[in-house]
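Working notes, beginning with the structure itself.
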Amino acid sequence: MALVNEHFLKLPNNYLFADIAKKVNVFKVTHPKNKLISLGIGDVTQPLCPAVVDAMHKAVDEMAVKESFRGYGPEQGYDFLREAILKNDFRPRGIHLDIDEVFVNDGAKSDTGNFQELIRWDNSIGVTDPIYPVYIDSNVMIGRAGVLQEGKWSNVVYMPCTAENNFTPQIPEQQHVDVIYLCYPNNPTGTVISREELKKWVNYALKNDILIFYDAAYQAYITDPDIPHSIYEIRGAKKCAIEFRSFSKTAGFTGVRCGYTIVPKEVTAATLNGERISLNHLWNRRQCTKFNGTSYISQKAAEATYSPEGKEQVRGTVDYYMQNAAKMRTTLAKLGFQVYGGINAPYIWMKTPEGMDSWHFFDELLYGANVVCTPGVGFGPSGEGYVRFTAFGSHESTAEALRRIENWK
Ligand SMILES: *Cc1c(COP(=O)(O)O)cnc(C)c1O
């Protein structure tokens, strides 16, 4: 008899976006004439830039002839892309990494979910709250998170990030953790971490032998020169941090699929006997067994984001979204809402008026303004009383959504 992994059964049945879709469907069926605008799910809407499209066409043509056809590529990714990553994303920031510390993947979701396989099931994790759901859910699946009680997992240490603490998580001095997940710029709050604050986390990790899983999927949206793009800008981080990156939000690759993970050779975890094991070596072993690389076409597309034209075009799209963010910030603030984020990230995090709960506000906005947002509580208990708006819409639909909110309020 095959016994099921019952840890999966602990996960609440409905995924946040499935709940939203259900409510939206009910609205559509009961209001067939009203056209909704979604500022909900965090997906991009602008097409791929010309440099990327050209590179993909060329890659397809190469695949079409015998002489340049390619089958399985290296599990770690092609060197042309790994080299371009080092040359463009790290060296200009004074970060020197080896090419075999770069692992190209099919997007950051897979690796942020999978990397926890390298640590024992009984390690404890700490997360900022609210949080990208993948981090906790992937730990639930392996039995590391404990049980869900009143919206919190029993073996997870939550570090609240709210308006009250200026969205700055406090180091959990009183509780034991082995692994900390940090995501900056943050999804869902759109807030960032300063160099000083990030330094505190790295020093805390080094002092207490803690691993940091750092998700920098939104680093391309940073506009403030004092905000770090990579955790490796902080001295010592190469000893304690893994960094996840993605082309999804940077260059509209949510459908193309390509990202990468940096696993420095210095990062280790201990065996029960106290022997230190290189996570770079372990991750390589894991990838060679379970992953067969992301497609050549996707990797060529990713490489093209680093060409001079590619860089400029990608920048153009990021700027386009950030114009939405700026407009959303100012309009919502003018209407009297408390808004956060949206300066170094494509998300606006908004406090609901008069302490209304997230889902209640979601319904009011849906039926009152015909605009879809994401209820903050879906990202964790500290998200209650907030909603998230994305800046990934078109200028037209974003402006129209803001007009509707203005008329409704
Ligand atoms: C969108 C997103 C990612 C990227 O996911 P991909 O699998 O690369 O598309 C990673 N982390 C966070 C926090 C995100 O919001």
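This structure is a prediction, so every number in the text was calculated from the model and none was measured. Ligands are counted one by one from 1 in listed order, and the atoms in each one are counted from 1 as well.
Residue contact annotation: Asp215 has a non-hydrogen atom under 4.0 Å from ligand 1. For Phe244, the heavy-atom gap to ligand 1 stays at 4.0 angstrom or more. For Gly42, the closest heavy-atom approach to ligand 1 does not fall below 4.0 Å.
Ligand 1 has a nitrogen or oxygen under 3.5 angstrom from a nitrogen or oxygen of Lys249. At a 3.5 angstrom cut-off on N or O pairs, Tyr135 does not count as close to ligand 1. Annotation: Ser246 places an N or O atom under 3.5 Å from an N or O atom of ligand 1; distance criterion only. Considering backbone and side-chain N/O atoms, Ser110 never comes within less than 3.5 Å of an N/O atom of ligand 1. Ligand 1 has no nitrogen or oxygen under 3.5 angstrom from a nitrogen or oxygen of Asp106. Remark: ligand 1 and Ala217 share no N or O pair separated by less than 3.5 Å (distance only, no angle test).
Within the structure, every pair that satisfies the ring pair (Phe, Tyr, Trp, His ring centres under 6.0 Å) test and touches residues 215-238, not counting sequence neighbours, is listed here: Tyr218-Tyr347.
Contact check for Lys22 versus Val26: no side-chain heavy atoms found under the 4.5 Å cut-off.
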Would you check, one step at a time, whether the test salt bridge (Lys or Arg N to Asp or Glu O under 4.0 Å) holds for Glu400 with Arg404?
CA-CA 6 Å; Glu400 171 62 15; Arg404 290 184 186 181; 3.0 Å; yes
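Under a cutoff of 6.0 Å and an axis angle of 45°, Arg286 and Phe103 do not form a cation-pi pair.
Remark: side-chain polar atoms of Ser358 are paired, donor with acceptor, to backbone N or O of Gly385 under 3.5 angstrom.
When each of Ile85, Leu81, Asp79 is tested with Val102 by the rule side-chain contact (heavy atoms from CB on, under 4.5 Å), just one qualifies, namely Ile85.
Every atom of ligand 1 with a heavy atom of Ser248 under 4.0 Å away is listed here by number and element: 6 (P), 8 (O), 9 (O). Which parts of ligand 1 touch Cys183 is read off a 4.0 Å heavy-atom cut-off, strictly below it: atoms 13 (C). Within the listing of ligand 1, atoms 6 (P), 7 (O), 9 (O) sit less than 4.0 angstrom from a heavy atom of Arg257.
Looking at every heavy atom in both residues, Glu266 comes nearest to Lys238 through CB-O, 3.5 Å.
Remark: minimum distance from atom 5 (O) of ligand 1 to any protein heavy atom is reached at Lys109 N, 3.7 Å.
To the nearest 0.5 Å, the span separating NE2 on His176 from CG on Asn208 amounts to 9.0 Å.
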